[in-house]
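One structure is given here, and the rest of the page talks about it.
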Amino acid sequence: MARTSTTPHREILEAALQGLEAQKEKLDEQISQVRGLLGQRSGRAAKNTAAAPAASSNRPKRVLSAEARKRIAAAQKKRWAAYRKAN
């Protein structure tokens with residue numbers, strides 16, 4: 001009785017690896033095409049930025065009044081003055 005190995009031969013593994021790499025290249029190309037259609041940059045960062053605009057686009061942009069901006073600016077100036085005084 002001939003002895004059979006339970007591990008696949010090296011040639012089979014190399015062929016499988018080449019096939020998977022070819023599929024990966026094809027998928028990467030298709031992903032970049034879809035991102036181009038969406039107007040996004042290619043890369044991993046696009047995944048995170050794609051979800052953010054969709055969630056925030058449903059609500060209107062927040063607008064501060066001139067008085068509110070002045071109050072915020074005055075409070076920030078006060079904080080910086082206290083920081084500079086402490087140092």
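- The environment of CD in Q30 is crowded: more than 12 heavy-atom neighbours from other residues, nucleotides or ligands sit within 6.0 Å.
- A distance of 11.5 Å separates CG in L13 from CD in Q18, rounded to the nearest 0.5 Å.
- Separation of atoms CG (L20) and CG (L27) is listed at 10.5 Å; rounding is to 0.5 Å.
- Here the CD-NE2 distance, from E14 to H9, works out to 12.5 Å after rounding to the nearest 0.5 Å.
- Note that CG of D28 is 11.5 Å distant from CD of E21, once rounded to the nearest 0.5 Å.
- With contacts defined as side-chain heavy-atom distances shorter than 4.5 Å, the pair I31/R35 qualifies.
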